[in-house]
Amino acid sequence: MFLRQMEIVTDADKLKVEIEDTCRKYKSIKQWAYILHDKDETRPHYHIYLNFGNSSIDTAVVAGWFEIAENFIERVKGRKADALLYLTHANSKDKHQYSIDDVKASWDIVTEMKIAKVL
């Protein structure tokens, strides 16, 4: 499946690559953001947001980059801002609320979320 933006959700112990190194290695990744969810009532897991700008990338290729099964890659549901909000659970009040400071990103997502009027 070819997508312009996607989210990877995978258990922390299953991810064998360094997220930032992998994101920086592939120039087709225009923006990236991630967080470790380790305070939920589930196993510790990463949420990784990837944006490819005007290009679409095959999820099978991205799965290879991150050394994960393709089924851990999902289409972003809703707007980009919705995906970014979910990194901190800001749009899921029944879940642990992570700080925006826990999110690692390649750009200023706080400003973008303020412009989108979601913070």
Side-chain angles (χ1 to χ4, degrees):
M1 173 171 41
F2 285 82
L3 300 173
R4 288 188 180 176
Q5 61 181 354
M6 59 186 70
E7 181 183 33
I8 297 171
V9 181
T10 186
D11 288 344
D13 63 344
K14 301 281 191 279
L15 194 60
K16 305 299 181 205
V17 300
E18 291 294 324
I19 297 169
E20 289 186 37
D21 291 346
T22 302
C23 290
R24 286 189 175 108
K25 181 176 180 181
Y26 298 98
K27 300 300 180 203
S28 54
I29 301 174
K30 303 304 182 199
Q31 293 180 320
W32 52 265
Y34 72 94
I35 189 171
L36 174 63
H37 283 188
D38 58 355
K39 295 170 183 65
D40 297 339
E41 293 184 18
T42 60
R43 295 176 55 167
H45 58 283
Y46 284 102
H47 285 265
I48 306 167
Y49 169 81
L50 301 174
N51 185 298
F52 300 96
N54 293 325
S55 299
S56 295
I57 302 293
D58 189 349
T59 53
V61 170
V62 175
W65 294 347
F66 285 88
E67 299 178 19
I68 57 171
E70 190 175 0
N71 63 315
F72 292 109
I73 300 175
E74 302 174 7
R75 175 185 307 274
V76 170
K77 298 165 189 78
R79 303 173 303 149
K80 176 182 180 180
D82 297 324
L84 298 177
L85 281 171
Y86 195 74
L87 294 175
T88 61
H89 286 158
N91 55 356
S92 289
K93 297 299 182 189
D94 58 325
K95 295 185 177 186
H96 177 80
Q97 299 297 296
Y98 291 91
S99 169
I100 192 71
D101 296 331
D102 293 333
V103 177
K104 307 294 185 227
S106 62
W107 82 105
D108 183 358
I109 65 171
V110 172
T111 298
E112 180 169 338
M113 292 170 74
K114 285 180 181 175
I115 290 169
K117 296 182 176 35
V118 294
L119 275 185

| query | If two hydrophobic side chains count as joined below 4.5 Å and joins carry through other members, does Tyr86 share a cluster with Tyr34? | reply | no

Query raised in the report: Side-chain heavy atoms under 4.5 angstrom apart, residues restricted to Ile, Leu, Val, Met, Phe, Trp, Tyr: same cluster for Leu3 and Phe52?
Result: yes

**Prompt:** Side chains of Lys104 and Leu87: does their closest heavy-atom pair fall under 4.5 Å?
**Reply:** no

Query raised in the report: Are Val9 and Ile73 grouped together when hydrophobic residues (ILVMFWY) are joined by side-chain heavy atoms under 4.5 angstrom apart?
Result: no

Compute the ring centroids of Tyr49 and His47, then answer whether they are less than 6.0 Å apart.
-> no

*Look only at the side chain of Ser106 and the backbone of Trp32, and say whether a donor-acceptor pair between them is shorter than 3.5 Å.*
yes

### Message
If you apply the rule side-chain contact (heavy atoms from CB on, under 4.5 Å), what do you find for Phe66 with Cys23, and how did you get there?
### Response
CA-CA 9 Å; Phe66 285 88; Cys23 290; 4.0 Å; yes

Shortest non-hydrogen pair, Ile35 vs Ser99, comes out as CD1-O, 4.5 Å

Next on the checklist: According to a hydrophobic-cluster definition based on side-chain heavy atoms being under 4.5 Å apart (Ile, Leu, Val, Met, Phe, Trp, Tyr only), do Trp65 and Tyr46 belong together?
Outcome noted: yes

The complete set of salt bridge (charged side-chain N to carboxylate O under 4.0 Å, His left out) pairs with one or both residues in residues 33-55, sequence neighbours excluded, reads Asp11-Arg43, Asp13-Arg43

Of all heavy-atom pairs linking Val76 and Ala83, the shortest is CG1-CB, 3.6 Å

- prompt: So, do Thr88 and Asp102 sit near enough that their side-chain heavy atoms are less than 4.5 Å apart?
  reply: no

When rounded to the nearest 0.5 Å, the distance separating CD of Glu67 from CG of Leu15 is 8.5 Å

task = For residues His96 and His37, establish whether the separation of their ring centroids is below 6.0 Å.
result = no

On a heavy-atom basis, the closest approach of Ile57 and Val62 is CG2-CG2, 3.5 Å

Here the pair of heavy atoms bringing Ala33 nearest to Ala105 is CB-CB, 3.8 Å

- Query: Hey, quick one: are Met1 and Phe72 part of the same hydrophobic cluster, counting side-chain heavy atoms closer than 4.5 Å, chains of contacts allowed?
  - Reply: yes

d(Lys30 NZ, Leu50 CG) to nearest 0.5 Å is 12.5 Å

Between Asn51 and the options Arg4, Lys80, Met6, the side-chain contact (heavy atoms from CB on, under 4.5 Å) test singles out Lys80

In this structure, CD of Glu7 is separated from NZ of Lys77 (nearest 0.5 Å) by 7.0 Å

Worksheet entry | Other residues, nucleotides, ligands: >12 heavy atoms within 6.0 Å of Gln97 CD | yes

To the nearest 0.5 Å, atom OG1 of Thr22 lies from atom NZ of Lys25 at 7.0 Å

